[in-house]
Amino acid sequence: MKNLKEMLLNGAAELGVALDDIAVDKLLAYKVFLQEYNKKVNLTSIIEDEDIIVKHFLDSLTVLAEIEAKKPAKVIDIGTGAGFPGLVLKIAQENLDLTLVDSTGKKVRFLEELTERLELISVTCIHARAEELLRQRTEFQGNFDYAVSRAVARLSKLVEYCLPYVKPGGEFIAMKGRNYSEEVEEARKCIKKLGGEILEIKEVALPGDIMHSLIKIKKTRF
Ligand code: SAH
């Protein structure tokens, strides 16, 4: 366990994220619960200790540096699956008000059990398709400081799911791989139509020479 703890702490520090003891303990408990649960219910194919630390936890943490820490931001994670990146962000930064959305019921049940076990407050887990939720809960429109999403759809589709949730002045941060150019080009028109503007594309490095990217899209108007 010591090695994993170091791997997590050092990896986070490389990303400019300082994890306190409580966050580290909660992330390691998250890992164990995910591994146990995954034996009965298929939640993720990334399940080995080190892979969970790097490909789920550290990868999720790359988003944290982009989120304004001073105020208790409202964050929605669309297609969160087993909680990535949203729940990892919440564990690392307690003051977030987090909404997790996924269209697969068994994943949402896992998230509900996990958030209770980890005693996380201000986390809402919703079983819904992102595009339908927006119609059912109109109060969610333009209600979030940040929308985040990883591995759910191509960017042109993803902006349709995510940008409507973001308030003007807020941001949608899409987690993508190293080859993002084509997707970004394809999505440009949709982004504009939805009142968004590409702010910045950040390339991020994870241990093991894994290169990912963060596509930061600002909502400028409705
Ligand atoms: N973000 C997680 C899960 C990625 S898998 C991770 O990176 O590990 C994609 C997830 O998106 C699945 O759990 C699937 O149920 C969910 N999903 C796909 N389309 C969706 C939609 N339209 N609305 C909400 N969730 C969706």
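In each ligand, atom 1 is the first atom listed, and ligand 1 is the first ligand listed. This is a predicted model, so every value here is computed, not measured.
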Problem set entry | Step-by-step side chain to side chain donor-acceptor pair (under 3.5 Å) determination, E36 to N38 | CA-CA 5 Å; E36 284 305 309; N38 209 62; over 6 Å; no

Atoms of ligand 1, numbered as shown, that sit under 4.0 Å from any heavy atom of [X]:
{"X": "Y161", "answer": "22 (N)"}
{"X": "T80", "answer": "1 (N), 2 (C), 3 (C)"}
{"X": "K107", "answer": "12 (C), 13 (O)"}

Only distances under 3.5 Å count here; give the side-chain donor-acceptor pairs of residues 121-129 to other protein atoms, sequence neighbours excluded, each with its distance to 0.1 Å.
| residue | atom | partner | partner atom | Å |
| --- | --- | --- | --- | --- |
| H127 | NE2 | S103 | O | 3.2 |
| H127 | NE2 | G105 | N | 3.3 |
| R129 | NE | E131 | OE2 | 3.0 |
| R129 | NH2 | E131 | OE2 | 3.3 |

- prompt: Taking the six-membered ring for Trp, are Y30 and F57 parallel (under 30°), tilted (30 to 60°) or perpendicular (over 60°)?
  reply: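 It falls in the tilted class, 30° to 60°.
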
Classify the ring geometry of F144 against Y165: parallel below 30°, tilted from 30° to 60°, perpendicular beyond 60°.
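Perpendicular.
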
Proximity winner for [atom], if only heavy atoms of [options] are counted:
{"atom": "atom 22 (N) of ligand 1", "options": "E132, E131, K157", "value": "E131"}
{"atom": "atom 3 (C) of ligand 1", "options": "G105, A130, G79, S45", "value": "G79"}
{"atom": "atom 4 (C) of ligand 1", "options": "A128, G83, A151", "value": "A151"}

task: Check the pair E171 / K218 against salt bridge (charged side-chain N to carboxylate O under 4.0 Å, His left out), numbers first and verdict last.
output: CA-CA 4 Å; E171 283 174 35; K218 187 171 181 131; 5.6 Å; no

* To do: Indicate the atoms forming the closest heavy-atom contact of S156 with E186, along with that distance.
  =>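 Minimum heavy-atom contact is OG-OE1, 3.0 Å.
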
What are the two closest heavy atoms between L34 and A82, and how far apart are they?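 Here L34 and A82 meet closest at CD1-CB, 3.8 Å.
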
Protein contact to [atom] [nearest heavy atom, distance to 0.1 Å]:
{"atom": "atom 13 (O) of ligand 1", "answer": "D102 OD2, 2.8 Å"}
{"atom": "atom 17 (N) of ligand 1", "answer": "S103 OG, 3.4 Å"}
{"atom": "atom 8 (O) of ligand 1", "answer": "R150 NH2, 3.0 Å"}

What do we get for M175 next to ligand 1 when only non-hydrogen atoms under 4.0 Å count, side chain, backbone, both or neither?
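The answer is neither.
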
Which one holds for A153 and ligand 1: side chain close, backbone close, both close, or neither close, with close meaning a heavy atom under 4.0 Å?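 Neither; nothing of A153 gets under 4.0 Å from ligand 1.
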
Is E66 salt-bridged to K202, going by a charged N under 4.0 Å from an acidic O?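 Between K202 and E66 there is a salt bridge, with a charged N closer than 4.0 Å to a carboxylate O.
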
ask   = Is any NZ, NE, NH1 or NH2 atom of the basic residue among R178 and E203 found under 4.0 Å from an Asp or Glu carboxylate oxygen of the other?
value =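 Salt bridge absent between R178 and E203.
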
(Q) With the threshold set at under 4.0 angstrom, would you say P85 reaches ligand 1 through any of its heavy atoms? (A)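 No, P85 has no heavy atoms under 4.0 Å from ligand 1.
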
(Q) In this structure, does ligand 1 have an atom that sits under 4.0 Å from one of the heavy atoms of I78? (A)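 Outside the 4.0 Å threshold, so no.
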
